[in-house]
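Down below is the structure, laid out as structure tokens.
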Amino acid sequence: MRVILFSWEYPPRVVGKLAEYVSALSNSLVKNKIDTYVVTYHDYLTGMSAEASGVETFRVSNPVKTHIGVLTWVLTLNQEIERAAANIYYDAKKKIDLINVFDWHFVPAAIALKKGLRIPFVYSVESLEDHRSLSSDSAYNMAIKSIEWLGFYESNCISVKSEWMKEEIIRIYNVPKEKIVIIPTKPEKWMTSVLKTYNCAVGGTKIET
Amino acid sequence: MKHELSVMMLTWEYPPRVIGGISPHVCYLSKSLAQQGVKVYVATCDFPGAPAHETTFDGVEVYRIDSYKTPAPDFATWVYLMNLNMQKEAAAIVHKLDNKIDVFHAHDWLVANAGIGLKHIFRKPLVVTMHSTEMGRRDGTHTTTEKMIHETEAWLNYEAWKVICCSDYMIQHVKWAFGLPNDKLVMVPNGVNTKNYDENNNDMKTFRNCYALPEEKIILYVGRLVYEKGIHILINAVPKILSKVNAKFIIVGSGYMKEQLLNIVRSMGLEHKVLFEGFVDEENLIKLQKVADVSVVPSLFEPFGIVALEAMAAKSPVVVSDIGGLTEIVEHDVTGVKAYPNNPESLAWGINKLLLDPIYAAKIRENAYHKVLETYDWTKIAQQTKGIYEEILGEYSKSFWA
């Protein structure tokens, strides 16, 4: 199996906890004989590389440097994420099985690739806009929420880390519960559960909930 | 009809959605390309009442994509969000067509993200028409939004295989603004369909009476009410014109300067002489252009100046500011009158010259109409555009993407 991970933070660029998680995941996937690519953001500040063995990492920068907000920044950066992923796809002779996107930032790229190249995607949720910007319904927050919604709608599978997050996604976005998988953080169950989710997203085994 | 090549147009406006000049441009270009045997798909923003998918009688397939569902805090953010949807839907359409699109053709930065994304997903060449630039529209880039749009344009131009501009002026401007090499730029003029103006309208007198008294001359302005179009220059020229000629000013279009302009007109006590008509549908616009004794294009920045061409096709003599694409369209004293840009005295002089000398006006009228027939014909433009596609596909066939 060949998988591309999309994350807006990846070591050495560490913003929150996501970087460490995606790094651990990519390493673990390689150990499980999965061809793993990471496409992430290169900010020109945190250094060029801290490469794990066997993970192919592509760091792209934003083609537009001046921005009026996070949204425009994210939406132009998405094109470069998409370009990098398309290049991986064509270099791999069109054999990419799955994209795993972490949080909303690169959901647009994952959707365009799914529509155009039929690459399924798993949307892994670390946090939701509703929790980050509590009870805010400005157009700016609503736009981010609508990208999250689009991600839930278009994804082949959604993965979360807790029962609580699953309930929240169902409550806020009305997502059918069968679509959401809880990936336990306990080390012994973690990888099996990730792989099961991936298999399910590419049309393999059924998920047990 | 067998199609040897197919193109997908990306545009944020396509009839019946009309905001500026891109909409009619892409519409006529698409139809004329279809007549040249090119299969044309159009991906554009939706419009109330217009079908989500239609095939026009000339074989152009139009897809109208949801553009307003996602809330956006401001116009620029809306553009990028709209591109998200356009790209997603267009990608699905291309996939359904078995990837049988040879060229993506994007019109202005408003569809930059979608064009660039589709290029890389399907690895097909991207052609860009730069109708305008942020630097030109704003006379430089002053705010963060303007800088962001400018950089987006630069990025789009970088990603393009070839950049089409519709005047020599625009070629130079785009080359300077984005530092493009000469061989990346191609000039293809904009066109106008004279047939639209040829129809006989019997009740023109009645129509004219809705707007002006028989003894009043009609001075027509068509365009958005924004700074770059120089409408305020015309408003400032109104008293100077009225001191010599009895005329009615008809202002078609809307924009952020409307209130300001209305206030100026009110303070001059000339509300009865200057009519703000807002947006006017195509049928009535054509009639207005036909009854206008003079059409004025007082732009401060004008990449092409399609309104001048339309007036010329409608046989309404034109007064234009000597700037940008207008400089190339109009030959002074032959096909129109040129005035100094940003100069109400000069503009008033030009308008009065035409209105006070009917023999001169008639000569200009005839010359202008023939110039339009000769140079700005859509069939010729489509042939040139098809030639550009073919040239690009020839180069592409030798690239590692092919």
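Order of the sequence lines fixes the chain letters, A, B, ..., with proteins taken first and strands second; residue numbering starts at 1 for each chain. Nothing here was measured: the structure is a model prediction, and the numbers come from that model.
Interface remark: Lys145(A) contributes no atoms to any contact with chain B (heavy atom separation under 4.5 Å). If you measure heavy-atom distances from Thr76(A) to chain B, the contacts under 4.5 Å come from both the backbone and the side chain. Heavy atoms of Thr66(A) lying under 4.5 Å from chain B belong to its backbone as well as its side chain. For a residue to count as touching a neighbouring chain, one of its non-hydrogen atoms must lie under 4.5 Å from one of that chain's; by this rule Ile111(A) touches chain B with the side chain only. Contacts between Leu71(A) and chain B at a heavy-atom distance below 4.5 Å involve the side chain alone, from C-beta outward.
In this view, Glu20(A) satisfies the side-chain hydrogen bond (donor to acceptor under 3.5 Å, both in side chains) rule with no residue, not counting sequence neighbours. His53(B) meets the ring pair (Phe, Tyr, Trp, His ring centres under 6.0 Å) test with Tyr63(B); sequence neighbours excluded. Remark: Lys175(B) engages Asn182(B) in a side-chain hydrogen bond (donor to acceptor under 3.5 Å, both in side chains) (not counting sequence neighbours).
Among Tyr158(B), Trp155(B), Trp401(B), the residue making the largest number of heavy-atom pairs under 4.5 Å with chain A is Trp155(B).
The heavy-atom pair separating Lys115(A) from His95(B) by the smallest distance is O-CB, 3.6 Å.
At a cut-off of 3.5 Å, with distance as the only test, no side-chain donor of Gln79(A) or Glu159(B) sits close to an acceptor on the other residue.
When the heavy atoms of residues 84-93 of chain A are compared with those of chain B, the residues falling under 4.5 Å are Ala86(A), Asn87(A), Tyr90(A), listed by number.
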